[in-house]
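Following: one structure in structure tokens, then a few remarks.
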Amino acid sequence: LSFLIFTMIFSLKTYFFYLIATMIVLTFGEKCAMEQPGKCYFTNVTTTSGNPFFNPTSDNNTAVNEIWFVDSQIEIFTDELCNRFPNLMLIMMSSCGTKGIRKAALNNCAKLKVLDLSLNQLTELDINLFPAENQIESLNFSFNKLSQLNGLTFKSTNNLKVLDLSKNWLPAFPPLN
């Protein structure tokens, strides 16, 4: 009987600590590791279409220039990164299982130059994905499932130097208007 009581108390104690840890993550969010100045690494972040937000943060959000995801599953790319990190110049979300991008995801990324969403599950890019005022120089959407593309999608990317759409399901590249 004492063993049973001990096991129950230990289980309740473990469950209590799990609840506290969950509440801390939900309240304060995912904090990135800054291994180099301006470079923020998020590891083991998981979001779903039902819960696409993860509340990213760092010690100094305005000092973050680059965000890298490692061993993460980000099903929907939302506007969280651009809203929280106003000086982002690079977003590396390769191999994150990303299936979609919210329409306003890049609206507050005025300084963004490099976006890598390669090796994901994207099937389409919204015609209004890129805001009118942007600094984007390099886009990597290779190894996705893009099967059609509107030429107007890239109309506002005037600084674009590199566009990688290789290894998608595109039958032909649309004329850029």
Side-chain angles (χ1 to χ4, degrees), residues 29-47 49 52-146 149-168 170 173-174 176-177:
E30 296 286 337
K31 189 172 182 183
C32 72
M34 300 248 322
E35 296 175 13
Q36 298 172 12
K39 207 177 237 188
C40 207
Y41 292 90
F42 287 102
T43 305
N44 296 317
V45 173
T46 300
T47 67
S49 57
F53 304 104
F54 72 100
N55 195 17
T57 188
S58 76
D59 287 332
N60 183 355
N61 288 1
T62 57
V64 175
N65 299 329
E66 298 182 11
I67 289 187
W68 296 69
F69 285 91
V70 179
D71 297 328
S72 296
Q73 292 296 306
I74 311 293
E75 195 167 315
I76 305 293
F77 180 19
T78 68
D79 60 356
E80 281 186 300
L81 295 176
C82 297
N83 289 343
R84 298 210 185 232
F85 304 102
N87 296 315
L88 273 180
M89 295 174 73
L90 178 143
I91 298 173
M92 187 66 64
M93 283 182 59
S94 183
S95 299
C96 286
T98 306
K99 295 179 181 177
I101 305 171
R102 290 246 170 115
K103 286 184 182 182
L106 299 172
N107 283 359
N108 291 321
C109 270
K111 298 179 181 180
L112 188 67
K113 292 183 183 246
V114 178
L115 176 63
D116 189 331
L117 283 160
S118 62
L119 296 159
N120 281 298
Q121 306 295 317
L122 296 171
T123 57
E124 64 182 348
L125 298 176
D126 189 89
I127 192 170
N128 297 312
L129 177 61
F130 305 103
E133 299 294 322
N134 70 69
Q135 300 299 314
I136 295 173
E137 295 177 1
S138 177
L139 294 170
N140 188 350
F141 292 107
S142 64
F143 293 92
N144 275 282
K145 296 180 178 179
L146 299 172
L149 206 56
N150 187 316
L152 296 175
T153 301
F154 304 103
K155 70 180 178 221
S156 64
T157 55
N158 298 326
N159 297 316
L160 191 61
K161 294 177 180 138
V162 177
L163 174 61
D164 191 345
L165 295 167
S166 63
K167 305 302 180 188
N168 276 285
L170 296 168
F173 193 78
L176 295 176
N177 298 329

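Because only heavy atoms are used, hydrogens play no part in the values below, and waters and symmetry mates are left out as well, while side chains stay in.
Here the side chain of Asn87 pairs a donor or acceptor atom with the backbone of Thr62 at under 3.5 angstrom. Remark: side-chain polar atoms of Asn144 are paired, donor with acceptor, to backbone N or O of Leu117 under 3.5 angstrom. Ser72 places a side-chain N or O within 3.5 Å of a backbone atom of Val45 that can act as its donor or acceptor partner.
In this structure, the separation between CG on Asn159 and CD1 on Ile136 is 9.0 Å, given to the nearest 0.5 Å. Here the CG-NZ distance, from Leu88 to Lys113, works out to 13.0 Å after rounding to the nearest 0.5 Å. Atom NZ in Lys167 sits 10.0 Å away from atom OG in Ser142 (nearest 0.5 Å). Residue Gln36 holds its CD atom at 9.0 Å from CH2 of Trp68, rounded to the nearest 0.5 Å. Thr157 OG1 to Leu163 CG: the interatomic distance, rounded to the nearest 0.5 Å, is 7.5 Å. Here Asn83 contributes atom CG and Asn108 contributes atom CG; the two are 4.5 Å apart, rounded to the nearest 0.5 Å.
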Result block: side-chain N/O donor-acceptor pairs under 3.5 angstrom for residues 122-129, not counting sequence neighbours:
from, atom 1, to, atom 2, distance (Å)
Asp126, OD2, Asn128, N, 2.7

Which pairs of donor and acceptor atoms, one on a side chain in residues 89-107, lie under 3.5 Å apart (sequence neighbours left out)?
from, atom 1, to, atom 2, distance (Å)
Ser94, OG, Ser118, O, 3.3
Ser94, OG, Ser118, OG, 3.0
Thr98, OG1, Ile74, O, 2.8
Thr98, OG1, Asn120, OD1, 3.4

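No side-chain heavy atom of Gln135 sits less than 4.5 Å from a side-chain heavy atom of Lys111. The shortest side-chain heavy-atom distance between Val70 and Phe42 does not fall under the 4.5 Å cut-off. With contacts defined as side-chain heavy-atom distances shorter than 4.5 Å, the pair Leu160/Leu139 qualifies.
Scored by the ring-ring contact (aromatic ring centres under 6.0 Å, His included) test, Phe143 finds no partners at all (sequence neighbours excluded). Annotation: side chain to side chain contact (heavy atoms under 4.5 Å, CB included) contacts of Asp71 (sequence neighbours excluded): Asn44.
Residues Asn168 and Leu146 approach most closely at OD1-N, 3.0 Å, considering heavy atoms. Residues Ser49 and Pro52 come closest through the heavy atom pair O-CD, 3.6 Å. Closest approach of Ser156 and Pro131 over heavy atoms only: OG-O, 3.1 Å.
When each of Glu80, Glu30, Lys31, Arg84 is tested with Asn55 by the rule side-chain hydrogen bond (donor to acceptor under 3.5 Å, both in side chains), just one qualifies, namely Arg84.
Sorted by first and then second residue, the ring-ring contact (aromatic ring centres under 6.0 Å, His included) pairs with a member in residues 120-142 read Phe130-Phe154; sequence neighbours excluded. Sorted pairs that involve residues 111-144 and meet disulfide (SG to SG under 2.5 Å), not counting sequence neighbours, are lacking altogether.
A donor atom on one side chain and an acceptor atom on the other are not found under 3.5 Å apart for Thr153 and Asn150.
Ring to ring, Tyr41 and Phe69 are not that close: their centroids are 6.0 angstrom or more apart.
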